[in-house]
Amino acid sequence: MHTNSAVLFNENTSFTYVDVIVPLYLKNTLTWFVPSQFHNGIAVGVRVEVQIGKSRRYAGIIKKIHQDKPANIEVKPILNVLDDRPILHEDQLKLWAWISKYYMCTEGEVMIAALPSHLKLSSETVVVFNPDHEVDTQTLNEKEYLVSEALEIRSELKISEIQKILDSNHVYPVIKQLIDKRICLVFEQMNETYKAKTETYIHLNSIYHNEEVLETLVNSWSKAPKQLDLLLSFLHLQRTQGDVLKSALLKKANASPAVFDGLVAKDILKVEKRQVDRLPNLPKEFNINFRLSVAQETALMQIQESFQQFPATLLHGVTGSGKTMVYIKLLEQFIKKGVQSLFLLPEIALTSQIIRKLRDHLGGHVAIYHSKFNMSERLELWHKVKSGEVKVVLGARSALFLPFSKLEFIIIDEEHDASYKQQDPAPRYNARDAAIFYAGLVNAKVLLGSATPSLETYYNATTHKYGLVKLSERFGNLELPDITTIDLKLEALDAGQSQIFAPLTIDSIRATLDKGRQIIIFQNRRGYSPYIICNTCSWIPKCTNCDVSLNYHKSSNKLHCHYCGSTYPLYKTCGNCGNQDLLQKNFGTEHIEENLETVFPEQKVARMDTDSIKGKHSHDTLIKQFEEHKIDLLVGTQMVVKGLDFDNVGAVVIPDGDSILHFNDFRVNERAFQLIEQVSGRAGRKNEHGQVFIQLRDTNHPLIEKLQKHDYDAFYNTEIQERQMFFYPPFSRIINVQSRHNDAFASKEAMTIFCNFIRQQYPQFVFGPAQPVINKVRNQYIFECMLKFQKNRQIIDGIKSAIETAVVEVLNHPHLKRTIFTVDVDPL
DNA sequence: AGCACGCCGACT
DNA sequence: GTCGGCGTGCTC
């Protein structure tokens, strides 16, 4: 009787199970049981080693600890506990869960994006040569022979290496044969990839610490003069600097490692390996050596008041208003309070100027985190953030996932920037929106900053969901730049020298250069991306399905829609006024650079776009050269806009304004206004106020007037009205659904079935497919539809579950089984 | 993402 | 009749 009840007790209550997130695409979290020896070691947020499938092992994160045995499956045990304390906080896991739900991906996919890869261990199958077995080459086929040959030489191979040897992904059958023939063995190896960085320090053997003994040694030195030289340089270094680094010594003495090894072999010098930080350890001091202007001071106070009232506050500050200075003051306050802050930037690799400013003023309190960092550096920062040592993290979107212990302040600079949204691999999350959610979770304050806020943020601010603080005055009372249009319908392009600039533009450039000022030429296209415009009435041919401008393709001599792929014959006459004066616009940054070099041969011209910026530092170098006025004319794409403040730019030239005003994007005006306003802001800083020259034909475009007045509110108001006219319910959500399939017809059919299914359930909210898109990407045809609806949590949840059902519905058709759906949620 | 299983065509 | 190519589905 006792035995029975003991068994029952054990089976019912003493088994502990853990739900573990593994870095895989899994719809449901899987459960493992915890053997008794690990009971004390587990906690939510601790990594455990688990087996998944036949042999593969992963480091997963414990999400939940419970006693519920999963029904109908045999539960495997966890193999190991990898951490003695959680590597992240439960709030982080809540953020992961929210992201996976809101952006419709799995938590495993969030984990892949969130953890530095050194924390995401997985096993790799390693094939080892069996030395006890004679290879009988007779019994092997060609592939088996190749592998066994390689094994005999290398004795150990990874699966990926075998794939390379055989030039095929199908290597398992071969390995299986080799195992059967007892030529090799396999095992799973967990790869711990992080290695602490060490530096080698050198000490003198302690017996020579006695001066006399040392003197005797040096004086009685007979052979090996190089070793003596090295020893003497060592003694000198030690006396002047204290601890001596091996690398420093060898460099200073210009000696080879062999000479050094000789001294070590004689036991004169001793080697010590010391662990060091990869991250620079700057002194933790402030250097607030500036004073805020009255306007900035007021803004700062308003922000602090707003923080009492709102979870998030928008700082709408014109370019050059010195938002960064306000940020620094706020960060200083939070650092002094002893809490952590996060400073998000769209593409941090491109914004070394802000990094420099923060480092200058806040010193070692600031750490930087972005994708160009290597994984070891990221892991070290991870731990420093968790321990609370680092107070401010300046980072790109992935910095949001760092394990902050007491985060109270998040700055999202340039909040309108599209690169906050991760596009390609899931999770397709917007770091701005996720950060606002996360701030709510941990009770942190959010400051959104922009000169050209996104419409949805501005809407939230004007409807008092967020606080709103304006900084509408440039620092030092500078005026905003004058925007001058140069009407290309009146000003013929300079036919002799330049196909790109009108003589008037060239004169303006020359005048600016003569004043010793630099110039930025902004063209939003690399290479060649032409479109067509009527020289008389500035009509631009657009796709009837998609309402985006058509691109001329020389190869087919037709007009192509880059959205839906449909083609149109080349127009001979204008579809609006009937004139035959249609112009092909045809230049990108390269062309402009070349052209400027001929027009201004004495000036230094440089180009900044993704083609000309290759390495990690070439961008920095270019900016430095420009700052030091080694470059007079800088031609660039959007890249020149991002986070750059130059003091000596007299003018900005936009040679092809029409291409911006008629963007290939359905949110045409929003992007156009933002771009032109942002790029205009680069003109005129410390010096007299700047000039902007826009060459264009469509001079009556309604945005121009608003841009000239820098009137964001006017732009915003008309944009809202327009959206209502086009049935975009203002401030709703869009869900973008892509179907892809190797077969264009199947992809299209899948999308049609999908859309019909959604329409049945949500006829009132869904206006789709709004943009029938067919793209051919890597042999896969993609169709897209956009679901737009009023923002409302219940509706969003309902639509998402309808989407899931619709996807299942589509995949039930045998010929559509191989359709891949991707879903993407965004504010509109 | 791996890895197994199972269906179908090519070949002893 | 078997081998192996590849598509399909599951992983606690």
Side-chain angles (χ1 to χ4, degrees), chain A residues 15-35 38 42 47-81 100 105-113 115 117 120-127 139-144 157-163 166-181 186-191 424-427 740-743 746 750 779-780 807-808 810-822:
Chain A
F15 269 90
T16 300
Y17 296 92
V18 281
D19 291 351
V20 176
I21 306 172
V22 281
L24 289 177
Y25 179 85
L26 292 173
K27 288 232 159 61
N28 306 305
T29 12
L30 305 180
T31 308
W32 281 261
F33 80 85
V34 184
F38 295 133
I42 55 160
R47 287 178 310 150
V48 286
E49 183 182 337
V50 290
Q51 192 179 89
I52 192 159
K54 204 86 190 262
S55 56
R56 195 129 293 242
R57 289 178 294 158
Y58 288 94
I61 287 199
I62 298 180
K63 182 192 175 186
K64 197 179 155 196
I65 302 169
H66 58 89
Q67 312 318 123
D68 314 323
K69 185 184 192 302
N72 306 325
I73 40 157
E74 201 181 307
V75 186
K76 288 180 184 168
I78 63 171
L79 300 173
N80 222 333
V81 177
S100 82
C105 63
T106 69
E107 286 183 64
E109 286 170 320
V110 183
M111 179 178 175
I112 292 168
L115 287 191
S117 62
K120 293 179 290 198
L121 312 175
S122 67
S123 70
E124 196 168 7
T125 312
V126 178
V127 181
T139 64
L140 302 178
N141 68 28
E142 193 190 344
K143 285 181 176 180
E144 292 163 9
L157 290 174
K158 289 173 184 155
I159 294 292
S160 53
E161 293 169 327
I162 296 177
Q163 285 174 338
L166 296 183
D167 194 25
S168 144
N169 288 333
H170 280 257
V171 298
Y172 291 96
V174 180
I175 296 167
K176 213 171 176 181
Q177 281 298 311
L178 289 172
I179 295 167
D180 289 347
K181 291 175 185 167
V186 289
F187 68 98
E188 290 290 312
Q189 189 176 39
M190 278 303 255
N191 25 11
D424 204 20
R740 31 172 106 187
H741 197 288
N742 287 345
D743 172 8
N779 295 324
Q780 287 197 317
V807 167
V808 173
V810 171
L811 299 183
N812 277 339
H813 291 71
H815 63 295
L816 300 178
K817 262 189 181 160
R818 292 178 53 213
T819 316
I820 301 162
F821 279 97
T822 42

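Side chains are part of it too, since the values below use all heavy atoms of this structure and drop only hydrogens, waters and symmetry mates. It should be emphasised that the depicted structure is a prediction, and the values quoted were computed from it without experimental measurement. First the proteins, then the strands, lettered A, B, ... as listed; each starts at 1.
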Engineer: When rounded to the nearest 0.5 angstrom, what distance separates OG1 in T819(A) from NE2 in H741(A)?
Structural biologist: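 One finds 4.5 Å between OG1 of T819(A) and NE2 of H741(A).
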Engineer: Without decimals, in angstroms, what is the distance between K120(A) NZ and dA1(B) P?
Structural biologist: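 Going from K120(A) (NZ) to dA1(B) (P), I get 13 Å.
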Engineer: Given dT8(C), dG2(B), dT11(C), which nucleotide is nearest the side-chain atoms of L30(A)?
Structural biologist: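 Comparing dT8(C), dG2(B), dT11(C) against the side chain of L30(A), the answer is dT11(C).
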Engineer: Looking at dG2(B), dG9(C), dC12(C), which one has an atom nearest to any side-chain atom of K817(A)?
Structural biologist: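 Nearest to the side-chain atoms of K817(A), counting from C-beta on, is dG9(C).
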Engineer: Can you measure K27(A) atom NZ to dC12(C) atom P for me and round it to whole angstrom units?
Structural biologist: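 The answer, rounded to whole Å, is 17 Å.
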Engineer: Are the side chain of K120(A) and the backbone N or O of L115(A) linked by a donor-acceptor pair below 3.5 Å?
Structural biologist: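 Checked: pair present.
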Engineer: Please report the interatomic distance CG(L26(A)) to CE(M111(A)), rounded to the nearest 0.5 Å.
Structural biologist: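 Those atoms lie 11.0 Å apart.
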Engineer: When you measure from the side chain of L26(A), which nucleotide among dT11(C), dC12(C), dG2(B) comes out closest?
Structural biologist: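 So the side chain of L26(A) is nearest to dT11(C).
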Engineer: Rounded to whole Å, please give me the gap between OH in Y25(A) and P in dT11(C).
Structural biologist: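 Going from Y25(A) (OH) to dT11(C) (P), I get 15 Å.
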Engineer: L811(A) and L816(A): which non-hydrogen atoms are nearest, and at how many Å?
Structural biologist: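 Nearest heavy atoms, L811(A) then L816(A): CD2-O, 3.6 Å.
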Engineer: Which nucleotide, dA1(B), dG2(B), dC12(C), lies nearest any side-chain atom of L24(A)?
Structural biologist: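 Ranking dA1(B), dG2(B), dC12(C) by closest atom to the L24(A) side chain puts dA1(B) first.
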Engineer: Which one, dG7(C), dC12(C), dG2(B), comes nearest to the side chain of R818(A)?
Structural biologist: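 Output: dG7(C).
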Engineer: For the pair made of CD1 in I21(A) and P in dA1(B), what is the distance, rounded to whole Å?
Structural biologist: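 Those two atoms, CD1 and P, are 19 Å apart.
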Engineer: In whole angstrom, give the distance that lies between atom CD1 of I820(A) and atom C1' of dA1(B).
Structural biologist: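 About 14 Å, once rounded to whole Å.
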Engineer: State, to 0.1 Å, how close F38(A) and N80(A) come at their nearest heavy-atom pair, and which atoms those are.
Structural biologist: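 Smallest interatomic distance, heavy atoms only, reads CZ-CA, 3.7 Å.
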Engineer: Nearest-Å distance, CD1 (I73(A)) to P (dT11(C))?
Structural biologist: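 Going from I73(A) (CD1) to dT11(C) (P), I get 8 Å.
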Engineer: Tell me the interatomic distance from I52(A), atom CD1, to dG2(B), atom C1', rounded to whole angstroms.
Structural biologist: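 My rounded result for the distance is 10 Å.
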Engineer: Does Y58(A) place a side-chain N or O at less than 4.0 Å from the phosphate oxygens OP1/OP2 of dT11(C)?
Structural biologist: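 For Y58(A), the contact criterion (side-chain N or O under 4.0 Å from OP1 or OP2 of dT11(C)) is not met.
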Engineer: Take atom CZ of R57(A) and atom P of dA1(B), then tell me their distance rounded to the nearest Å.
Structural biologist: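 That distance rounds to 21 Å.
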